[in-house]
Amino acid sequence: MAAALQLLVRTPETASVLTGLPELSAAQSGVSSLPAKSAVPSPDGTKLAAVTDAGVDIISLSNGAKLLSLAVPGVVLLDWSKTGAFLTTAQRPSKQEDGQPAKNIKAWDTATGSVVLELGAKSVNKEAWPLLQWGAGDEAAFHGVTNTVHQYSRASGFKTAKKIPIKGASSFQPCPAPGKQLLAAFIAEAKGQPAVATVVDCSGEQPVTISRKSFYRATGASMMWNAPGTAVLFMATCETDATNQSYYGESKLHYLPAEMSRADEACAVAMPKEGPVHDVQWSPAGDYFVVVAGFMPAKVMLLDNRCKPVYDLGSGPYSTARWNPFGRFLAIAGFGNLPGDIVFYNKLSKGVCKQMGATRSASSVSAAWSPCGRYFMTATTAPRLRVDNNVRVFNYVGDKVCERPFETLLEAAWLPPPPGTTYEDRPASPERLAAGGKGGGAAAAGGGSAAASKPAAAYRPPGMRSLQSHLQAGAAAINSGGSGPTFSLAYDSSSKPGRISQSTGKPMPPGAEFVTKAASKNAKKRANKKAKAGGEGAADGAEDAEDEPAAAAAGQGSSSNAAAGVAGVTEQLAGASVSGAAAAGGDADAAQKRVRALQKKLRQIQQLKERRDTEGPSALEPEQLQKIEAEASVIAEIEELGGTA
């Protein structure tokens, strides 16, 4: 059974639920004008946690009745568990009467209102929240301390903690898949040692490393598991940019499999364009993920769950990617200081993406798909923007369904469907696709349905009007499949969407470089042009060579002509012998360089062996132990090249 879609909106004074498209009016029954400093709905869509001056109230979303009141004043952050059975609250750090730090992190049982777990934290902020993370099915709660992650089991009433030692771990994320006790952890770069991303199995007494990857220039990371729990993405960030190309530091994306048999597939995700990683999102099914990366205009790329590039979605002024709940539709948008262009795609079989429509939602801050997967909501909220706050809803082809303005809007989000509500994963309607395709260009330029009344355009100085028309022409050309203007900061006319060709020869490792069809075609054109230019030069040289024997024949006769021919053959043979000797010399130099490199590696292995004998194997990293095991193969290769070990 399908229920009416509902939006939760919060203003500085109250929180309310809006229902009914396209009206978006206040709900007749349920939550309406509820005083709240913050409001977070439960994952099952039945309850709402509202922060007040006295504490936290648990409200029923069906009738608006107060189910529970938690006496915990000064709450600054909230977080629900996976099933909604527990609620985590955070207060600002403080001290008790005896001078000891107060336990400001509490987990509450929402059925009884009792505290099941209390912890202390020296600092509380949105970037590191939640400090208490829940496993699949709320069977365990995880909390990180220095060099250790504590696991509190629900079966033991959260009274005892199992200690999972991970030296230097600064952040972690439990696997969301049921039945898998896996933990993804990040160790920041420190004291000249590289940062480490790792996946460990914590089901036994001691954690077992499933996969591991080390890299430099990373001081923080966020982790994203796919739904089946077979892979995890690490978004590594650094506060400074070593290339001095960005004031905001740099970011890299790394892929780690969660299966020991595929541990060697851990790699850095090859970005389609140089620059920062703006957004990365797993499909709800966990079979694909989309990456938005690169300096503007950013590039958008679709990869499968083994980190192999599948489809190139082109480039544009984009910074955000959102999947609908079924993983069928994909929205690529550019919010923040970008113009707000949104492009909707339909992901077909084998990762092929077909554009369904486009629109523009100017000045938007956040966006999300509805639970039914057919509508896309954007919101302009404070404090990012304190004017023109609104909520807009579009369908999956870019037609504007409704818009509601607010004097000041702080938050807007879809409410999860209540229990018993099911939505079907329906394909796109052919009639709606046809209508959206006809009005796609107008929607991209105007930000809504072609049938809707066009709002009055903002005033632009005469000197800026030509630039604005230039950008609009480029956007319309790109959306219609044509080529854009010759130069634009928002669109790249040379970037065309299409399937990413896979090599038919030796298989490429995960994360290796790739080429699109357009790039391959352009490379062939350049090669043909270069060959043609070289052929013309060779033909000119041949004509000059033919003129000289002809002149010699005219002055000296046939005997001189024969002598000249013999001399030419002799010169060709001499040139061939010289080139052959040069090639042989080049091979010898390459072999000597290889021998010197292997001898250097052998010396490093000897140093590692001495360190292992004096300090023990635990003092070495796994990569260093593998290097020691490769000693025999290094010696064999040196001897094969004629060197001495």
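Every heavy atom of this structure was used, including side-chain atoms; hydrogens, water molecules and symmetry mates were not. Not measured: the values here are computed from a predicted model.
A distance of 5.0 Å separates CE of M356 from CG of N346, quoted to the nearest 0.5 Å. The OG atom of S16 sits 11.5 Å away from atom CG of L7, with the distance rounded to the nearest 0.5 Å. For the atom pair N395 CG and R374 CZ, the distance stands at 9.0 Å (nearest 0.5 Å). Rounding to the nearest 0.5 Å places CG of L330 at 8.0 Å from OH of Y345. Considering OG1 of T89 and CD1 of I105, their distance stands at 7.5 Å, rounded to 0.5 Å. With values rounded to the nearest 0.5 angstrom, S222 atom OG is found 9.0 Å from L253 atom CG.
With D138 contributing its side chain and K82 its backbone, the two residues share a donor-acceptor pair below 3.5 Å. Side-chain atoms of E189 do not come within 3.5 Å of backbone N or O of F215 as any donor-acceptor pair. Side chain of Y288 to main chain of G351: a donor-acceptor pair is present (N/O by atom type, distance under 3.5 Å, no hydrogens or angles). Without hydrogens or angle criteria, S370 side chain to Y375 main chain gives a donor-acceptor distance under 3.5 Å. Proximity of a side-chain donor or acceptor of N226 to a complementary backbone N or O of T230 within less than 3.5 Å is detected. Distance alone, capped at 3.5 Å, is enough to place a donor-acceptor pair between the S170 side chain and the F186 backbone. A donor-acceptor pair under 3.5 Å is absent between the side-chain atoms of K347 and the main chain of W323, judged by distance alone. Distance alone, capped at 3.5 Å, is enough to place a donor-acceptor pair between the Y311 side chain and the C353 backbone. The closest donor-acceptor contact from the side chain of N147 to the backbone of G168 lies under 3.5 Å. A donor-acceptor pair is defined here as one N or O able to donate and one able to accept, closer than 3.5 Å; such a pair exists between the side chain of Q91 and the backbone of P73.
Under the 4.5 Å side-chain criterion, counting only non-hydrogen atoms from C-beta, V232 is in contact with V199. In this structure the side chain of P174 never reaches within 4.5 angstrom of the side chain of W134, judged on heavy atoms. Annotation: side chain of L78 is in contact with side chain of V51 (closest heavy-atom distance under 4.5 Å). Residues V124 and N104 meet the side-chain proximity criterion, which asks for heavy atoms closer than 4.5 Å. Within the 4.5 Å cutoff, side-chain heavy atoms of L34 are placed close to those of I59. Between L132 and D79 there is no side-chain heavy-atom pair separated by less than 4.5 Å. Two residues are said to be in side-chain contact when any heavy atoms from C-beta on lie closer than 4.5 Å; V9 and L18 meet this criterion. In this structure the side chain of P416 never reaches within 4.5 angstrom of the side chain of P371, judged on heavy atoms.
Separation of the F86 and W80 ring centroids does not fall under the 6.0 Å cut-off. Ring to ring, F329 and Y396 are close: their centroids are under 6.0 angstrom apart.
Around the NZ atom of K103, the shell of radius 6.0 Å holds no more than 12 heavy atoms that belong to other residues, nucleotides or ligands. Within 6.0 Å of NZ in K213 there are more than 12 heavy atoms belonging to other residues, nucleotides or ligands. Crowding of K162 atom NZ: a count of heavy atoms from other residues, nucleotides or ligands under 6.0 Å exceeding 12.
Heavy atoms only, all atoms of each residue included: V310 and K350 are closest at CG1-O, 3.4 Å. Closest non-hydrogen pair, S251 versus M235, comes out as CB-SD, 4.3 Å. T52 approaches P35 most closely through the heavy-atom pair CG2-O, 3.9 Å. In plain terms, the two heavy atoms of A231 and Y255 that are nearest each other are CB-CE1, 3.6 Å. Closest approach of F344 to G398, counting heavy atoms only: CE1-CA, 3.6 Å. Between L256 and A197, the closest heavy-atom pair is CD2-O, 3.3 Å.
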*Test log, rule side-chain contact (heavy atoms from CB on, under 4.5 Å), inputs V393 and F376*: CA-CA 6 Å; V393 179; F376 191 73; over 6 Å; no
*Is there a side chain to side chain donor-acceptor pair (under 3.5 Å) between S69 and D57 once you walk through the steps?*
CA-CA 5 Å; S69 292; D57 293 336; 3.1 Å; yes
_Test side-chain contact (heavy atoms from CB on, under 4.5 Å) on T198 and V200; report intermediate values, then the result._
CA-CA 6 Å; T198 182; V200 298; 3.8 Å; yes
*May I have the step-by-step check of side-chain contact (heavy atoms from CB on, under 4.5 Å) for I342 and I332, ending in yes or no?*
CA-CA 6 Å; I342 309 172; I332 306 298; over 6 Å; no
*Between W108 and S114, is a side chain to side chain donor-acceptor pair (under 3.5 Å) present by the stated rule, with each step listed?*
CA-CA 6 Å; W108 304 78; S114 59; over 6 Å; no
_Apply side-chain contact (heavy atoms from CB on, under 4.5 Å) to residues L415 and L61 and explain how you reach the verdict._
CA-CA 9 Å; L415 284 179; L61 285 172; 4.2 Å; yes
*Starting from the C-alpha separation in whole Å, work towards a yes-or-no answer on salt bridge (charged side-chain N to carboxylate O under 4.0 Å, His left out) for E250 and R217.*
CA-CA 8 Å; E250 58 180 321; R217 303 214 304 263; 2.6 Å; yes
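A donor and an acceptor atom, one from each side chain of R392 and S361, are located under 3.5 Å apart. Side-chain N/O atoms of N389 and T408 include no donor and acceptor closer than 3.5 Å.
Ion pairing between R10 and E411 holds under the 4.0 Å rule for side-chain N and carboxylate O.
Applying the salt bridge (charged side-chain N to carboxylate O under 4.0 Å, His left out) definition to pairs two or more places apart or across chains, those involving residues 40-50 are D44-K47. Pairs of residues two or more places apart, or lying in two chains, that qualify as salt bridge (charged side-chain N to carboxylate O under 4.0 Å, His left out) and include a residue from residues 276-291 are D279-R322.
Just one residue in the list F289, F234, W282 forms a side-chain contact (heavy atoms from CB on, under 4.5 Å) with M224, and that residue is W282.
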